[in-house]
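So the structure is just underneath, and the comments pick up after that.
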Amino acid sequence: GLGVFKKNPFLHRVVKTNKRAKKDSARFLSACSHLLNNEKLRASRGKSGFNAMLTNPFLPCGPIVALPLALPVVFFLNSLPCGLDFQGTRCPSPPSYVPRVLSLNSDHMTFLPRVKNMLILVSEGFLCNVVYSPY
């Protein structure tokens, strides 16, 4: 958590975030795979009696586990990863005015913060591909 407050160069942070995302994604994918292949869970699937699954949409393991259980999924998070909430609602989000979540920009940006905002927007697609493609 302390790395968030360090003022490293932007490109350095992008590379470091990419490496961390790959490592974390592999760890979460492994946990999800173990959860799906758990014999006790398989045996209890038919007996669960649950009506829905509450899950965080940031990682797709929840909906993947809900699929064989034939449960509807309810997401609890104020936004979806990778800008999917903006795509789903077709809500405009111009990077010249709307700051990206992790940019720490306000809506009153000069030229350089707008460039930073645009770079974050472009890198999100790449980062999302790194995190979600294994699923």
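The structure displayed is predicted, hence computed values, not measured ones.
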If the condition is side-chain hydrogen bond (donor to acceptor under 3.5 Å, both in side chains), which residues does Arg100 pass it with, not counting sequence neighbours? Glu124
Residues clustering with Met109 (ILVMFWY side chains joined when closer than 4.5 Å, directly or via others): none
Which other residues belong to the hydrophobic cluster containing Val15, where Ile, Leu, Val, Met, Phe, Trp and Tyr are joined when side-chain heavy atoms lie under 4.5 Å apart, directly or via other members? none
Going by side chain to side chain contact (heavy atoms under 4.5 Å, CB included), name the residues that satisfy it together with His34, two or more places apart in sequence or in a different chain. Ser30
Taking only residues two or more places apart in sequence, or in another chain, which ones meet Ala21 in a side chain to side chain contact (heavy atoms under 4.5 Å, CB included)? Leu127, Val131
Is there a path from Leu121 to Val98 through hydrophobic residues (I, L, V, M, F, W, Y) whose side chains come within less than 4.5 Å of each other? no
Where at least one partner belongs to residues 51-61, residue pairs that pass side-chain hydrogen bond (donor to acceptor under 3.5 Å, both in side chains), sequence neighbours excluded: none
Of all heavy-atom pairs linking Met53 and Gly62, the shortest is SD-O, 3.0 Å
Shortest non-hydrogen separation from Cys61 to Leu35 and the atoms involved: SG-CD2, 4.2 Å
Taking every non-hydrogen atom, the tightest pair across Asn117 and Pro95: ND2-O, 2.7 Å
Residues at least two apart in sequence or cross-chain that pass side-chain hydrogen bond (donor to acceptor under 3.5 Å, both in side chains) with Asp107, listed by chain then number, are Tyr97
Sequence neighbours excluded, which residues qualify as side chain to side chain contact (heavy atoms under 4.5 Å, CB included) partners of Val115? Phe111, Leu119
Supply the atom-to-atom distance Arg20 CZ to Ser25 OG, rounded to the nearest 0.5 angstrom. 13.5 Å
Is it true that Val122 and Leu104 fall in one hydrophobic cluster, defined by side-chain heavy atoms closer than 4.5 Å? no
How far apart are the closest heavy atoms of Ala52 and Val74, and which atoms are they? CB-CG2, 4.5 Å
Would you mind listing every salt bridge (charged side-chain N to carboxylate O under 4.0 Å, His left out) that reaches into residues 126-135, with sequence neighbours excluded? none
According to salt bridge (charged side-chain N to carboxylate O under 4.0 Å, His left out), does anything in residues 51-73 pair up with another residue at least two apart or in another chain? List the pairs. none
Atom pair CG/CG of Leu67 and Leu36 - distance to nearest 0.5 Å: 9.5 Å
Go through the structure and list residues passing side chain to side chain contact (heavy atoms under 4.5 Å, CB included) with Lys22, not counting sequence neighbours. Asn18, Val130
Distance-minimising heavy-atom pair for Pro92 and Pro94: C-CD, 3.6 Å
